[in-house]
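A, B, ... follow the sequence lines: proteins, then strands. Residue 1 opens every chain.
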Amino acid sequence: MTAPAKIETKTLIQALTEAMDEELARDPRVFITGEDVGPRGGVFRATQGLYEKYGAERVVDSPLAELSIVAIGLGAAIADTRPICEIQFGDFIFPAFNQILSEVSRFYYRSNGAWNVPMVIRAPYGGGIGGGLYHSQSIEALFSHIPGIKVVMPSTPEDAKGLLKSAVRDPNPVLFLEPKKGYRAIKGEVPEGDYLTPIGPANVVREGSDLTLYAYGMMMHYARIAAERVAREDGIEVELVDLRTLVPLDKETVISSFKKTGKALIVYEDNKFLGYGAEIASILAEEAFEYIDGPIKRLAAPDVPGVPFSHPVQEAFMINPDKIADAIRELEAY
Amino acid sequence: MTAPAKIETKTLIQALTEAMDEELARDPRVFITGEDVGPRGGVFRATQGLYEKYGAERVVDSPLAELSIVAIGLGAAIADTRPICEIQFGDFIFPAFNQILSEVSRFYYRSNGAWNVPMVIRAPYGGGIGGGLYHSQSIEALFSHIPGIKVVMPSTPEDAKGLLKSAVRDPNPVLFLEPKKGYRAIKGEVPEGDYLTPIGPANVVREGSDLTLYAYGMMMHYARIAAERVAREDGIEVELVDLRTLVPLDKETVISSFKKTGKALIVYEDNKFLGYGAEIASILAEEAFEYIDGPIKRLAAPDVPGVPFSHPVQEAFMINPDKIADAIRELEAY
Amino acid sequence: MSTPTREGQYSAQLTSDDMLQIYWYMLLSRRLDERAWVLHRQGKIPFHISAIGHEALQVAAAYALNRGVDMVFPYYRDLAFVLTLGYTPLDFMLGLFGKEGEPSSGGRQMPSHWSRKDLNIVTQSSVVATQVPHAAGTAFGIKYRQSQGLQNADDASMSRVAVCSLGEGSTSQGEWHEGLTWAGVHDLPFICIVENNNYAISVPYEKQASQSVAERARVYGVNGVQVDGTDPLKMYDVMREAVERAYNGKGATCIEAKCQRLVPHSSDDDDRTYRSPEELQEIKADDPLPAFKNTLMEMGILNDSINDEYETKAKQMVNDAHKQAESAPYPNPENHLSHEHNFAPDAEGDF
Amino acid sequence: MSTPTREGQYSAQLTSDDMLQIYWYMLLSRRLDERAWVLHRQGKIPFHISAIGHEALQVAAAYALNRGVDMVFPYYRDLAFVLTLGYTPLDFMLGLFGKEGEPSSGGRQMPSHWSRKDLNIVTQSSVVATQVPHAAGTAFGIKYRQSQGLQNADDASMSRVAVCSLGEGSTSQGEWHEGLTWAGVHDLPFICIVENNNYAISVPYEKQASQSVAERARVYGVNGVQVDGTDPLKMYDVMREAVERAYNGKGATCIEAKCQRLVPHSSDDDDRTYRSPEELQEIKADDPLPAFKNTLMEMGILNDSINDEYETKAKQMVNDAHKQAESAPYPNPENHLSHEHNFAPDAEGDF
Ligand SMILES: Cc1ncc(C[n+]2csc(CCOP(=O)(O)OP(=O)(O)O)c2C)c(N)n1
Ligand SMILES: Cc1ncc(C[n+]2csc(CCOP(=O)(O)OP(=O)(O)O)c2C)c(N)n1
Ligand SMILES: [Mg+2]
Ligand SMILES: [Mg+2]
């Protein structure tokens, strides 16, 4: 685990804890609230050690009520504090849906720019962890359709730290979605100390000329594995775009890559119907039509109401590198 | 207003009231609950006269709490009643979002088919009525992404009556979205007495070979006006598809029309980004790629957090026949 | 009906000028409100929602606050409340007409969706009760900043309270439950004013809840008090006590102020479809304006000449605001329909 | 601590066999639960959430119901509750392993997400408190059918009650507020059992609310009672009274049953991170199983030979269920991943 000075290999969740620790130290207006974030350090341990370090006033165990976690955060934000609200599982954000859609996302617009809401809502998302219908959901599409809130989804520890710090300092509300399956599985180099990764730009993780693979969060890692495999085994050169920020979307990068390859495969682990990938596909079909050189493909979850618990059924439900590689080959062969 | 025997010209809302009246008379298990549905007859008068006719036990004024309106409906439905829950404005359905996504839409799947939920949730939707951010929203995209609930959107009085009666008799939950701007503006012939319009099939309202126009609800009427205008003025023959049911989607009709015309214009009054039209565009780009003969266009609302109140601003926000006609001409000229 | 544990007759300290001020705002609100109804009947404006019948409690509540310092989360029926906080007749009229310069939303929101950041009046939606946990959150933020020794121009010198208002029907929403839960668990500087006119549009209170709002509030560890909201002096007393409690770290209060909605719910409503002619007749007796006028006359604080002067001044202000708003230009759609308007630019100060 | 207005010592009518039955289900639940913890430690199952410490109140609650007729909306911690209602050890074990034939969800849901339509055990989600307004809705439906003279096989002959349970922390959700509002406003045949173990995972009750659950329930027009949930006879009395009230149209009850969670929240939790060693030691005194065993021994109803017999039988049943579930096949993914499974086919009967 030794690494060059000032760069260390960390897990995704270590990077997130570090970001919160540094922001709490930097700005006394920053506080954390959510269920079990205090002495317990969060059920995923994202806030571990912060209660001991910053005290009960800055790391606040909330009542078991998500609506209030978000609404209290909003109210506190306009009183010139900087709340980081933790929703224990993305699946449990829906009691707060009205507050996020009707309030958090509209304060700024409906007041003609008078009231901005500088708050972060963190939520772990995603399946493949034996969580069944209610501990596995991908929730990005529902929130990405709501104008007025930024939606960020890091895939690497470095981005996770840099994007979370940017989110805390953003004058606007940011929904920060964390791939829980990768909390400990995803490791990577994380610069020490203060740095910001800008909210907005996508990241071309891998250059290629044959087709463009769009992914984010946990799926970005499976996409990378698949891309490397088809390069090795089939000589297919895939360009991999990690969206990183879903709202606002980096349309320029999305479109320019497609103009280069003419073929698009969009991967997401949410249900396919009206999932986030539908917007990417629509943008390409509408704004890059001249470059289309094959069907615009979406590889996503079946349209059933949740990720099943039973192991083999869950595995059949989830996207994996094999499915992605097969989809790449099929599209390339087109 | 005289019409052939057994066919009368009625407004959209008259057709809806008639459907509920007939279903209340047909099945004693059917009851209505919601805010002001009783003596007031609903703020839009959809339940006018039903309280007087069927009494306080079957037309029940609810507390001012949408979460409970939906959850009580669910609980009553599994006790072998047939609730029709009215949400006063689609904008106010979000306090019940968790109940609809996590509960109503999942009872059947999560119980492996043991518990079905025969309930109808009615909600007026849409803008252009001076309602500002919170009395104008189009909410279909958010719910169409949720597997497990049917989403129906009638555009004509005849369909409104026939589809609502089908919804009441459906063993599954149905979200029934009513274009409030058309409650009194939309008139049409409505057969008297009992008939059912099936949930599922789209309706090819107008045949044409130049391009396919996809619309639903209020926009279907504007689309028809535009289609007739471009036929008259420009000789462009538009095929107009009224989707009618958004979930489950009639993919076959959607795709077969496109195969005929090769050009698609999808109109919806919701925000453009990840609106319902994104799924239609994606399906065409993925499954009818060989037939694409022009960019797949979406004409929708700007991506701001709501429909503004101030009249000229609202008018600029809304889709109208002129905008549709222009988009048709532009696409046709492509 | 329960009464609060009174720490003193705060209204006893009100001067004649204070009383006249309270009367003045009640009168101004009423005349402005009446004009809105006229404009609607004339088809000049699309919508109005009224404070008629609620003025006494609203003016007294604002008068008991440290205006411009305390944070206020009102609701659509609070015309008299916000006028007393500094919102102007022109602000209101610009809202009715949806004209350029409307300060709450630039004409984006419906009328009576108040916001004036300079007055600490926080923007609200049409979605009832959502402001209750917001106010609790702001109270939490106030307490947090104090605990962290964070002082700024606004709150360095004095304590602050966060105040929200809503109707009694809206207390059925989960928002009310969750907001009051925080207020009680954290003993926040928070006041919730429930304007109980016994109706949620057409639905009477007995279909909303089984006990009084004040009783329901107490189980949250919040001081629940009920008061005759048609008497501004009684309202001032309970409100002032609630404010003192908040300033002194004694915790949160919920005030149930009983009053009558003397008009339909809004210009879209027809209350004759659910209230009997007798009932509509009876409630006129609860009109706070003539009642307080009589009180002040009897106390010798008000007389006909002062009253005529006030009426003339109010009429003048209403006329001016009406004319100015009617002749004002509409907003330019281009300033409201781009996603550029969705987010605040990165504030350097924040980095 | 308040006590209910007792209409009588219902437990006095319990026979020795009844008492032994209650003890048997407490014992069976405990042994089954302990096996689940072992299986998790052995890495044979991914997750377990436990009823240990809650058995007395759960068994007594079920025993006071008309099983198979009353409608029940339990929550994840209710193993002893559902076993007493007829859910079998094999049903539970199939859930732990996610195997074919699991009756609640066909293996779609996590373990302890109970459902058996034939037993009137209604499916629930993991989202806490959502079942409270469901139960109120079912109670509304029961009352509605009676008012309309709609009789069916289930409820023709007798009245029915809808019962839900949840933890004390979950009462902070708006769902609880809105569900109890309906129960009180409509005087529904409804019972809400709040299993108060003083913790929501790591968060103690004082961070959830400011007064007891029973006191908070009363303001809804619901009879709020608090009881020692570690004593099955006391629990039986308050539960039976609540059931009688419901059957006789006297309205809704909320029972706050105090108990201790003697184990971590779930197999993912480590309670030593938020409970002191002393506290973890002290709570053992509140274990309902040895306590009720002693009571029955003292009453001469139970003796060592009966107890040994029960232990042997329980062990046998747990072994059989475990073996059968472990060797059962997994579900076929094809039966669970098509949108065909989203909707019930049109039921002719409905037309
Ligand atoms: C969540 C939500 N549901 C429904 C409405 C529609 N609505 C607007 S005001 C109102 C009644 C409010 O009654 P109350 O809370 O007593 O306030 P009042 O208008 O009587 O002052 C209703 C149902 C809304 N604005 N928000
Ligand atoms: C809406 C929601 N938020 C968060 C969770 C995660 N969670 C599961 S159980 C639990 C604690 C529940 O505590 P309590 O209600 O007291 O019941 P207990 O487990 O103590 O019996 C939490 C926070 C959830 N399941 N649902
Ligand atoms: Mg009211
Ligand atoms: Mg608990």
Would a 4.5 Å heavy-atom cut-off, applied to side chains only, mark A:Val241 and A:Tyr216 as touching? no
Side-chain (A:Tyr54) to main-chain (A:Val59) donor-acceptor, under 3.5 angstrom: no
Which atoms of [X] come close to chain A, meaning under 4.5 Å heavy atom to heavy atom: side chain ones, backbone ones, both, or neither?
X	value
C:Ile121	backbone
C:His186	side chain
C:Glu175	both
C:Phe140	side chain
C:Ser104	backbone
C:His341	both

Is it the case that [X] and [Y] place a side-chain donor and acceptor less than 3.5 Å from each other?
X	Y	answer
C:Ser125	A:Arg106	no
C:His265	C:Arg77	yes
A:Asn112	C:Ser105	no
C:Trp176	C:Ser170	no

Portion of [X] that has a non-hydrogen atom of chain C nearer than 4.5 angstrom:
X	value
A:Thr33	side chain
A:Val60	side chain
A:Asn172	side chain
A:Leu67	both

Centres of the C:Tyr87 and C:Trp114 rings: under 6.0 Å? yes
Name the member of [options] that forms the most heavy-atom pairs with chain A at distances under 4.5 Å.
options	answer
C:Glu178, C:Gln109, C:His336	C:Glu178
C:His113, C:Glu102, C:Gln124	C:Gln124
C:Thr181, C:Val122, C:Thr123	C:Thr123
C:His177, C:Arg108, C:Gln148, C:His339	C:Arg108

Please give me the minimum heavy-atom distance between [X] and [Y], naming the atom from each residue.
X	Y	value
C:Ala344	A:Pro171	O-CG, 3.9 Å
A:Pro173	A:Val104	CB-CG1, 3.3 Å
A:Pro28	A:Arg58	CA-NH2, 3.5 Å
A:Leu163	A:Pro154	CD1-CB, 4.0 Å

Residues that A:Glu35 engages under side-chain hydrogen bond (donor to acceptor under 3.5 Å, both in side chains), provided they are two or more places apart: none
C:Arg116: side-chain hydrogen bond (donor to acceptor under 3.5 Å, both in side chains) partners, not counting sequence neighbours: C:Asp91, C:Asp118
Can you run down the ring pair (Phe, Tyr, Trp, His ring centres under 6.0 Å) pairs that involve residues 56-89 of chain A, sequence neighbours left out, and say none if there aren't any? A:Phe44-A:Phe89, A:Phe89-A:Phe92, A:Phe89-A:His135
Tabulate, in ascending numerical order, the residues of residues 127-136 of chain C having at least one heavy atom closer than 4.5 Å to a heavy atom of chain A, or enter 'none'. C:Val127, C:Thr130, C:Pro133, C:His134, C:Ala136
For chain C, which candidate among [options] shows the most heavy-atom pairs at distances under 4.5 Å?
options	value
A:Val117, A:Asn98, A:Val70	A:Asn98
A:Ser111, A:Gly75, A:Ser62, A:Gly73	A:Gly75
A:Glu57, A:Lys150, A:Glu103	A:Glu103
A:Pro63, A:Ala114, A:Ser102, A:Pro147	A:Pro63

Relative to C:Tyr330, does C:Lys99 satisfy both conditions: NZ or CZ under 6.0 angstrom from the six-membered ring centre, and within 45 degrees of the ring's axis? yes
